[in-house]
Structure formats: structure tokens, C-alpha cells
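Okay, structure first, notes after.
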Amino acid sequence: MDSESDLRNEIRRDYRTGRFTIIAPDRGKRPEDFFQPKKEPKIGTKCPFDPGNEEMTVEIMSVGNPWKVRVIENKYPEFSPEIPFEEVDGKLEYISGYGYNEVVIDTPIHNITFDKLRFEEMRLWFDTLIEREANLYTKNYIKYVQIFKNSGPESGESLIHPHTQIMAWPAVIGTIKDEIDHIKEYKDRYNKCLYEDLKELEADRILIETEKTIAVAPYASRFAGESMIVPKRHVNYLQDLTAEEKDDFINVLILILKTNKKLFGDFSYNFSFHDIKNEPDFHLHLEVYPRLSIPAGVEFGQNVFVNQLPPEVYSESFIQKLKETI
Ligand SMILES: [Zn+2]
Ligand SMILES: [Zn+2]
């Protein structure tokens, strides 16, 4: 048995289910530190993401002078490049928590929500993500780079200042692995990428279609108001998008967020890019998960979600609201 001080970050594989969990003990928290008093809004605390407070964080890169987008080290990382890469097989399997966690500060403006950024600001944000993603793929042992956002109090966000997270994984596991397997299975069966059939598969659930991009409410959406944005051309990772495809993608993302806001108010949401280098069969997309209800016993006990807003109903209302948005 490891002594407590030997516990390091690692990705443990459940020997009963094959599921993975990241054990991240870095914060040195004791059980009593998880005691949850009633939340009081913090007043007068300095935001580490604000211009003027740059010394509070470790910068990786910034864009513009004064900066418009800034990338910093995540102060609470799940992974660290200082942990040696290690993959251990046996009755108890694990992969060491080698990897990188970065935070992209989307805008210098503290009191704004991400959906309110102008097209040019979001485009700059997108290019910064793409640059960091490409860079992280050059690091040793990095197999997958995940880009995701937590926005709003129900999303798990730690600071309200708009930001995005980038996590460089030492293994291809979890949903990205499942999706790679399913794309390959579909290709074996129908001899094409399943996203080529997206318009057929999601015919009743298309939210937006432009020249280069399509957004749908997925057939088996887990979350009320869930959507997915997909470039029409087969591209497996963000860096391969053309400038026109990026413009189009961002325009669609803005419409999705603004229209959802009209439908759901100031909703919390998470989104996660699914794209991966070195998997040419993969087809990149962005999944947006509004957090309008709280996953509970069915979800946690069975890992099967209950969605009370059928994607067909959502997409019909979305299209109505979209007409008012444009
Ligand atoms: Zn701030
Ligand atoms: Zn494809």
C-alpha cells in the first residue's frame, strides 16, 4: 500500500467496468475540506484572468498588445509533464498522470459571457486554440488533446471570467476512443465516414446548415438542448480546417449559443471539441451540452442518461427562435 505522500496523479482503470477515473490528489485536500458550506459570492477578490493581474499566473502565450487572448498554465492540473509517463498492466491497471493542462483566457473582459464575444474576437480565440492544440501534439507521449469549456454556475466553472481549457492526454481513452471505434465500425459496414450520412441520420434534427458546416440536435442526445457542430468536409483535427471553414464554424457556434440563450435564458453549458490528430478516419465536431437538469441516480448508477426534451422538439423550437435571431 502506497503511503499517502506517494499518491500521484494517475488514470485508473476500473477492473470491474473498464471505465477510467483520473485520481488527482495534488491539492492536498483532506476529506473535511470537501465539506460544503452555503456558497457566498466572493466579493473583492482579484480575478487572476484580468489585465493587470498577469503576475498571478504563468503565461504560455498571448495574442495582441495589449493582449486579447492569453494562454496560461492551469493552476489546478489533472496532469503534469513532471510525472514520468508510465503505463501499468496487471490486476490493477493505470496510466500515470503525465500530460498538460492549459487555460485559454478568451477575452480580457471580466464581465462578459462567451456568447457575447464578437465574431473577430471568437475567431482569434479559435486560432489560439488551434495553435496550442498543434503545439501540444508535438510533446512526448501525448496521444490526445481535448479542448473544452465550462460556462455558468451549473457547468462546474471555477471562475466566471470566460475561459477555455486544454488538456493533453497520455492515452486515447473514454468517449474519444468510443467514437473512433464507432466511426471505424461504420466504415467497415457502409464503406464511408458516418458523418457523410449525417444529413440522412439527423434529417429531422438539423438546426443550422451553411455552405461548409452543419449543426444538429443528435438523435440520442443525452442532454436537453444538446447540439453538435460539424464541418461538412472530412477533417479529423482542427488544424486541417481552412480559413473559410473556421469562419463558417464560428458563425454557426455563435448562432447556436445565441439561439439557445433565447430558448433557455442564461443557461450553463459545457462544450467539448472532439478531434484527434493521427486518426485520419475521425471526423471533427464540437458537442455542446446545456446543463438544464442535474444528472442523478439513473445516470450515475447506470451511465445511461434520461433526456426529457426530445431532440426533435428542441430542434423545432430552435428553428423558430433562430428566425428571430438572424
Ligand atoms: Zn476577470
Ligand atoms: Zn468524415
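We count ligands from 1, going down the list as the structure has it; atoms in each ligand are counted the same way. Source: prediction; values computed, not measured.
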Angle at the Zn ion (ligand 1) (to 10°), with one arm to OD1 of Asp50 and the other to ND1 of His161: 90°
Quick one: report the N, O or S atom of His110 that is nearest to the Zn ion (ligand 1). ND1
Within the distance-only criterion (no hydrogens, no angle test), does the side chain of His285 pair as donor or acceptor with the backbone N or O of His283 below 3.5 angstrom? yes
Which residues and atoms, protein N, O or S only, are under 2.8 Å from the Zn ion (ligand 2)? Cys193 SG, His234 ND1, His283 ND1
Please check if Val58 and Val103 belong to a single hydrophobic cluster, counting links between Ile, Leu, Val, Met, Phe, Trp and Tyr side chain heavy atoms closer than 4.5 Å. no
Same cluster or not: are Tyr186 and Ile180 linked, directly or through other Ile, Leu, Val, Met, Phe, Trp or Tyr residues, by side-chain heavy atoms under 4.5 angstrom apart? yes
Any donor-acceptor pair under 3.5 Å linking the side chain of Tyr137 with the backbone of Val145? yes
Classify the ring geometry between Tyr141 and Phe85 as parallel (under 30°), tilted (30 to 60°) or perpendicular (over 60°). parallel
Classify the ring geometry of His161 against Phe49: parallel below 30°, tilted from 30° to 60°, perpendicular beyond 60°. perpendicular
Quick one: side chains of residues 295-310, donor-acceptor pairs under 3.5 Å with protein atoms, not counting sequence neighbours, listed by atom name and distance.
| residue | atom | partner | partner atom | Å |
| --- | --- | --- | --- | --- |
| Glu299 | OE1 | Ala296 | N | 3.0 |
| Glu299 | OE2 | Val306 | N | 3.1 |
| Asn307 | OD1 | Ala224 | N | 3.4 |
| Asn307 | OD1 | Leu309 | N | 2.9 |
| Asn307 | ND2 | Ser221 | O | 3.1 |
| Asn307 | ND2 | Phe223 | O | 3.3 |
| Asn307 | ND2 | Leu309 | O | 3.3 |

